[in-house]
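I have placed the structure first, in the form of structure tokens, so that the comments after it can refer back to it.
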Amino acid sequence: MKKQLIFLSILATITACNDYLDVQPKGVVIPKTIEDYDLLLNGNAYSIHSIDNAEILGFTGNDFEFSEELSLDTNNPDYQNFQLYSYGDLRFYNPSTTVPAWDAAYENIYIYNKIINEVDAAQDAVGYKAQDKIRVKAEAQYFRALDYFYLVNTFAKHYSQKNADTPGVPLVREADITQKIGSRNTVGEVYEFILNNLEEAIPNLPNNKIGKARPDKAAGYALLARIYLYKSDFEKALNAANKALEIKGELADYVEAENISTAYESQQYSSRFFGGSSGTYTNPSKDLKSIIDTVNDTRYSKFFTFYPGYGVYSPFVFYHNQLPSVGEMYVTRAEANAHLGKNEEAIKDLNQLGEKRIINYQPLMASDFSNQSELLKYILNERRKEIYFTLTQVFDVKRRNLIPGLEQSITHEYGGVKYTATPNSGKLVLPIPASVLKYHPDWQQN
């Protein structure tokens, strides 16, 4: 039986320490063999395969909302979920309170850096070959890219040529708690780092993943397609999506599926969970329901259930996965083709997806769209319906607000009061936590 490697708390923790983004590891971490480094990637339900940023993304975006049936302490600034929901001025204001979306990501990055920096010199282990060092390093690069993707899109402006030189998040490349962290790297630098990680990792990822929460080549290409789409590099997004779909491209039929959770899971290239959620973000918003057929679209009718006293929620058989799915690749390819003027190809993908998702689906035709903007709006709505469990909708709103004609405000409402983030308000860029800024008072706040 394969042993389980246990460290004296391998994860880093957020404390008042030197200048390493207030991160220092607890206990002693001494991986030596290839197997040791491989097992570091296994994690558990609340470690490197989970990030506690679900509420932060869910309540900032517009796919989910607080049920009016819940009684909320709206006047308490330490009830951060409502601060997020209302775009309050006291988001992450308390220097004594850590913010998982920042802290847990850098905890993970510490582990990935340790693997990337050290695995080449790891000792041999029974059942492992030299090639496994290359694979383990590539998997760590993949996950490091993922954490930086969520960090830069949460705590910085969305990438564009204009925003490329604006403050992003600090890039930490070494597993060294004594290093000094200078200024925030730019958004452009972070995106370049993410893409370099993925481009280098993909050739060395396995053809078949070794576990549910581990990446393979298809997962690598799928994440690469997402990053290039967010960078508005549509040719490269299209190329990467095609490569992912060539490896794994069969759409599950949600309409005919008897077990929808099994069908949903079959669409995932790999798994990375959101942890620490209270569950309140799974109440679908009125805005989401306004664009989805709640009767015939199985992405609603088979995924949400009404619970008296709480509202409408997704049952716990579904997990909110940060990673791309086959369905996401279809809408990514459709959007990339539309931006490139290949409307027929875009509509073909939309129809293939619609047939597997909507009861009595009526195929789209080019004549259904009066202009390119209308087609793109339709695709972005389809993207929203297909991938709301990734909680990336707030990122999609940020990027569409950079495209003339596609701008979108987000309005939340609770207790008869409305809270709005307009396209130019900056409210969708989360502030750097006060618990971080107290160690870096020279950093520019968002």
Side-chain angles (χ1 to χ4, degrees), residues 54-55 57-70 84-87 254-255 260 264 279-307 310-315 318 320 327-328 330-331 334-335 338 346-347 350-351 353-354 356-364 368-401 403 405-423 425 427-428:
E55 285 92 347
L57 298 178
F59 289 134
T60 303
N62 201 27
D63 282 344
F64 306 100
E65 65 186 18
F66 282 116
S67 170
E68 291 286 348
E69 298 180 53
L70 297 175
L84 292 162
Y85 194 68
S86 61
Y87 305 111
Y254 288 0
V255 175
I260 191 63
Y264 167 78
T280 49
Y281 62 88
T282 54
N283 187 46
S285 68
K286 297 179 187 66
D287 192 73
L288 177 61
K289 288 185 283 188
S290 73
I291 66 165
I292 194 167
D293 183 338
T294 59
V295 175
N296 293 311
D297 195 323
T298 58
R299 291 169 294 191
Y300 184 92
S301 63
K302 289 190 175 183
F303 279 73
F304 291 99
T305 301
F306 179 75
Y307 292 93
Y310 293 93
V312 179
Y313 291 86
S314 60
F318 303 109
H320 290 63
E328 180 176 338
Y330 270 80
V331 289
E335 184 180 345
I347 292 171
L350 293 173
N351 282 332
L353 183 66
K356 302 293 186 180
R357 299 294 187 262
I358 301 171
I359 299 168
N360 298 322
Y361 178 73
Q362 299 299 311
L364 298 167
D368 291 329
F369 305 99
S370 59
N371 54 52
Q372 198 74 0
S373 182
E374 289 301 312
L375 175 59
L376 283 168
K377 285 179 182 178
Y378 187 94
I379 293 170
L380 286 166
N381 281 341
E382 282 303 299
R383 179 180 183 85
R384 185 178 176 187
K385 299 170 196 176
E386 184 67 21
I387 68 167
Y388 52 74
F389 278 166
T390 66
L391 300 181
T392 54
Q393 187 248 351
V394 63
F395 303 159
D396 282 323
V397 173
K398 287 169 66 177
R399 70 185 181 92
R400 69 182 290 169
N401 283 342
I403 305 172
L406 296 181
E407 300 93 339
Q408 180 181 2
S409 294
I410 294 180
T411 297
H412 295 157
E413 184 173 0
Y414 182 80
V417 181
K418 292 184 179 181
Y419 309 92
T420 299
T422 57
S425 67
K427 291 181 178 180
L428 299 183

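Note that the structure is a prediction, hence the values are computed from the model and not measured.
Taking 4.5 Å as the limit, some side-chain heavy atom of Lys377 sits within range of a side-chain heavy atom of Arg400. A heavy-atom distance below 4.5 Å is not found between the side chains of Ile358 and Val255. Contact annotation: the side chain of Leu288 never approaches that of Asn62 to less than 4.5 Å [non-hydrogen atoms, C-beta and beyond]. Within the 4.5 Å cutoff, the side chain of Tyr254 has heavy atoms near those of the Ile260 side chain. No side-chain heavy atom of Leu350 sits less than 4.5 Å from a side-chain heavy atom of Tyr330. Annotation: side chain of Asp297 is not in contact with side chain of Ile359 (no heavy-atom distance under 4.5 Å). Residues Tyr378 and Leu364 are in side-chain contact: their nearest non-hydrogen atoms beyond the backbone lie under 4.5 Å apart. No side-chain heavy atom of Tyr388 sits under 4.5 Å from any side-chain heavy atom of Gln393.
When every heavy atom of Gln408 is checked against every heavy atom of Val397, the shortest pair comes out as O-CG1, 3.6 Å. Residues Ser370 and Glu374 share a closest heavy-atom pair of OG-CG, 3.6 Å. Between Phe64 and Leu391, the closest heavy-atom pair is CE1-CD2, 3.5 Å. Arg357 approaches Gly327 most closely through the heavy-atom pair NH2-CA, 4.4 Å. Of all heavy-atom pairs between Ala338 and Ala346, the closest is N-CB, 4.1 Å. Between Phe303 and Thr298, the shortest heavy-atom distance links the atoms CD1-O, 3.2 Å.
To the nearest 0.5 Å, the span separating OG on Ser373 from CD1 on Ile403 amounts to 9.0 Å. We find the OG1-CG distance between Thr390 and Asp63 to be 8.5 Å, quoted to the nearest 0.5 Å. Atoms CG and CZ, on Asn283 and Phe66 in that order, are 10.0 Å from each other to the nearest 0.5 Å.
Inspection of the Asn351 and Tyr361 side chains reveals an N or O donor paired with an N or O acceptor under 3.5 Å. Side-chain atoms of Thr411 and Thr420 form a donor-acceptor pair, as typed in the model, at a separation below 3.5 Å.
In this structure, Thr60 contributes its side chain and Leu57 its backbone to no donor-acceptor pair below 3.5 Å.
The ring of Tyr419 has its center no closer than 6.0 angstrom to the ring center of Tyr85. No close placement of the His412 and Phe59 rings is indicated, their centers lying 6.0 Å or farther apart.
Electrostatic pairing of Arg399 and Glu335 counts as a salt bridge here, judged by a charged N lying under 4.0 Å from a carboxylate O. Between Glu386 and Arg299 there is a salt bridge, since at least one side-chain N of the basic residue sits less than 4.0 Å from a carboxylate O of the acidic one. Taking the charged nitrogens against the carboxylate oxygens, Arg384 and Asp396 have no contact shorter than 4.0 Å, which rules out a salt bridge.
More than 12 heavy atoms of other shown residues, nucleotides or ligands fall within 6.0 angstrom of atom CG in Asn371.
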